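Taking it in order: structure first as structure tokens, then the write-up.
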Amino acid sequence: MMKPYVYITRKLPEDTIAELTELFEVKMWEHEDIPAPREVILKEAQKASALITMLSDKVDMEVLSAGESLKVVANLAVGFDNIDLEAATKRGVIVTNTPDVLTETTADLTFALLMASARRIVEAAEYIKNGKWGGWSPYLLAGHDVFGKTIGIVGMGKIGEAVARRAKGFGMDILYHNRSRKHEAEKELGAVYSSFEDLVAKADFVVSLAPLTPETRNLFTADVFAKMKQNAIFINAGRGPVVDEQALYDALKNGEIAGAGLDVFEKEPISSEHPLLQLPNLTAIPHIGSASTETRTTMIKLCCTNVKAVLTGDSPKTIVNKEVIQ
């Protein structure tokens, strides 16, 4: 009897997928840093019982219906907006993600990006590497304080709450906007629920951790940036398409806001020629929110556990479309 076939769209360390290789036929794309081409994913989906995918892989009806054996798509991310969830559910394909395990790691990165943007850390590092440090002056690479300021978090999920805990440690006032009130966070952290309009007007640091939905796409427009404080700093560690990047460029270029830090972009990867990267008050990093060795390994193993469960007739740990198995 043939073993179920599992295809993984990026090269992963062999030891992290041992749980699968012992039981199933497993094949990986040969590159870690180059996405598997769509034609390859379509070809592999024709015979796969399971796919382990990345957030950059588009898993639409064409992929989901390429073969008759597909039972599960395990996304190596907490987000799953790259997957046509409705199509997967209609075809009885289970979709899983990797929530919770990356919460603290992503919160660390988000707050690090906030601090680096505020204190111009990357700019300062390049300044000294390029031999520009000729002496001391009172306002040399002067940035903005973080302690005691107001942070406004848009998208108060688990990662947002973890960022708020870090902000509390810096004595910051915490505003948040979310689809629903978070009463425990209000009680524990002193977070104050705010309308989106009030938050962007009052916060010194506006931090977007919002998921990508029809309501949040292009949420941050020219009008929104115009309402922010002139010394405000915008941080996006959630989803790139929630920002109108031309509007952000104009706001930074024209001094409407003081700076920005981005871990995500509308289209990834971005070119080094991207207009935003030409601005000195923009700190950009390549979508590494959950990129600690420990967390990425845990994420991979959770994907493997979910795939193994589905292919052996058990329930996966973190299913997105629960109606498939109800």
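None of these values were measured; they are calculated from a predicted model.
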Looking at every non-hydrogen atom in both residues, tell me the closest pair between A232 and A203 and how far apart they are. CB-O, 3.9 Å

Pair S290-R296, side-chain donor/acceptor within less than 3.5 Å: yes

Test log, rule side-chain contact (heavy atoms from CB on, under 4.5 Å), inputs L85 and V320: CA-CA 8 Å; L85 201 61; V320 176; 3.7 Å; yes

Quick one: are V59 and D84 in side-chain contact, heavy atoms under 4.5 Å? no

Nearest atoms (heavy-atom pairs only) where L311 meets P4: CD1-CB, 4.0 Å

Do the side chains of M115 and I151 join up, straight or via other hydrophobic residues, at under 4.5 Å, putting them in one cluster? yes

Rounded distance [0.5 Å steps], CD1 in I257 versus CG in D204: 12.5 Å

Thinking salt bridges, do E161 and K182 make one under a 4.0 Å N-O criterion? yes

Expected output: side-chain R166 to main-chain A162 donor-acceptor under 3.5 Å: yes

Are any non-hydrogen side-chain atoms of N82 and S56 less than 4.5 angstrom apart? no

Side chain E126, main chain E123, donor-acceptor under 3.5 Å: no

R38/D60 salt bridge by N-O under 4.0 Å criterion: yes

Within the distance-only criterion (no hydrogens, no angle test), does the side chain of W136 pair as donor or acceptor with the backbone N or O of P138 below 3.5 angstrom? no

Looking at every non-hydrogen atom in both residues, tell me the closest pair between V324 and V93 and how far apart they are. CG2-O, 4.0 Å

Under-4.0 Å salt bridge between K90 and E86: yes

In the single-linkage hydrophobic clustering (I, L, V, M, F, W, Y; side-chain heavy atoms under 4.5 Å), do I94 and I52 co-cluster? yes

Given the rule in the ring pair (Phe, Tyr, Trp, His ring centres under 6.0 Å) test, do F205 and F234 qualify, once you have shown the distances and angles that lead to the verdict? CA-CA 6 Å; F205 296 90; F234 174 70; over 10 Å; no

Is the shortest side-chain heavy-atom distance between S117 and I235 below 4.5 Å? yes

Side-chain donor/acceptor of H177 to backbone N/O of S194, under 3.5 Å: yes

With a 3.5 Å distance limit and no angle check, can you tell me whether D244 reaches the backbone of Q246 through a side-chain donor-acceptor pair? yes

side-chain contact (heavy atoms from CB on, under 4.5 Å) for M156 and R181? Distances and angles first, verdict last. CA-CA 9 Å; M156 194 70 156; R181 294 280 294 267; over 6 Å; no

With distance as the sole criterion, is a donor-acceptor pair present between the side chains of T216 and T213 under 3.5 Å? yes

Partner residues of D250 under the salt bridge (charged side-chain N to carboxylate O under 4.0 Å, His left out) criterion, sequence neighbours left out: none

Hey, is E25 close enough to K3 for a salt bridge, meaning N to O under 4.0 Å? no

Does a donor on one side chain sit under 3.5 Å from an acceptor on the other, for Y176 and E186? yes

Please name the pair of heavy atoms, one in T105 and one in A291, separated by the smallest distance, quoted to 0.1 Å. CG2-N, 4.4 Å

Can you check whether F225 reaches N254 side chain to side chain, under 4.5 Å on heavy atoms? no

Look up atom NZ in K149 and atom CE in M172, then write down how far apart they are to the nearest 0.5 Å. 8.0 Å

How long is the span from the CD1 atom in I233 to the CG atom in L113, to the nearest 0.5 Å? 10.0 Å

Between E197 and K227, does at least one N-O distance fall below 4.0 Å, as a salt bridge requires? no

Less than 4.5 Å apart, side chain to side chain, heavy atoms only: is that true for L277 and I270? yes

My understanding is that only one of L209, T106, T103, V163 makes a side-chain contact (heavy atoms from CB on, under 4.5 Å) with K158; could you say which? T103

Just so I know, are the side chains of V207 and L114 near enough to count as touching, which here means a heavy-atom distance under 4.5 Å? yes

Honestly curious: do V307 and V78 fall in one hydrophobic cluster under the side-chain, below-4.5 Å linking rule? yes

Using the side-chain hydrogen bond (donor to acceptor under 3.5 Å, both in side chains) rule, take T298 and T295 through it: C-alpha gap first, then chi angles, then the decisive distance, then the call. CA-CA 5 Å; T298 302; T295 294; 5.9 Å; no

Cation-pi between K47 and Y5: NZ/CZ under 6.0 Å from ring centre and within 45° of the ring axis? yes

Do E14 and M28 pass the side-chain contact (heavy atoms from CB on, under 4.5 Å) test, and can you show the C-alpha distance, the side-chain angles, and the key distance before you say yes or no? CA-CA 10 Å; E14 294 286 348; M28 291 187 286; 3.6 Å; yes

Pairing donors with acceptors under 3.5 angstrom, does anything connect the side chains of N236 and D263? no

Taking the side chain as every heavy atom from C-beta outward, state whether K27 and V6 have any pair of such atoms under 4.5 Å apart. no

Considering all heavy atoms, the nearest A210-V242 contact: O-CG1, 4.3 Å

Measure from the side-chain N and O atoms of T98 to the backbone N and O of A77, and report whether any donor-acceptor pair falls under 3.5 Å. yes

Could you walk me through whether R10 and D57 satisfy the salt bridge (Lys or Arg N to Asp or Glu O under 4.0 Å) test, starting with their C-alpha distance in whole Å, then the side-chain angles of each, then the deciding distance to 0.1 Å, before giving a yes or no? CA-CA 10 Å; R10 292 292 174 94; D57 300 321; 5.2 Å; no

Give a yes or no on whether a salt bridge exists between D173 and K202, defined as a side-chain N under 4.0 angstrom from a carboxylate O. no

Which distance, rounded to the nearest 0.5 Å, do you find between the CG of L70 and the CG of L51? 5.0 Å

Can you tell me how far the CZ atom of F80 sits from the CG atom of L55, to the nearest 0.5 Å? 10.5 Å

Below 4.5 Å, heavy atoms only, C-beta onward: do I128 and K132 meet side chain to side chain? no

Can you measure from NZ (K11) to NE2 (H31) and round to the nearest 0.5 angstrom? 10.0 Å

Determine yes or no for a side-chain-to-main-chain donor-acceptor pair under 3.5 angstrom, with N75 supplying the side chain and T96 the backbone. no

L175-Y193 co-clustered via ILVMFWY side chain contacts under 4.5 Å: no

Aromatic ring proximity, centroids under 6.0 angstrom, F220 and F196: yes

Could you check whether any side-chain N or O of W29 sits under 3.5 Å from a backbone N or O of I34, counting only pairs where one atom can act as donor and the other as acceptor? yes

How would you list all residue pairs meeting side-chain hydrogen bond (donor to acceptor under 3.5 Å, both in side chains) that involve residues 316-325, not counting sequence neighbours? T89-N321, N306-T318

Mind listing the closest non-hydrogen atom pair of K229 and A201 along with its distance? CG-O, 3.7 Å

In the single-linkage hydrophobic clustering (I, L, V, M, F, W, Y; side-chain heavy atoms under 4.5 Å), do V264 and L248 co-cluster? no

So, the side chain of N178 versus the backbone of S180: is there a donor-acceptor pair under 3.5 Å, distance only? yes

Please walk me through it: do E245 and H274 pass side-chain contact (heavy atoms from CB on, under 4.5 Å)? CA-CA 10 Å; E245 290 185 350; H274 193 291; 3.1 Å; yes

Okay, side chain of R91, backbone of L64: is any donor-acceptor separation there less than 3.5 Å? yes

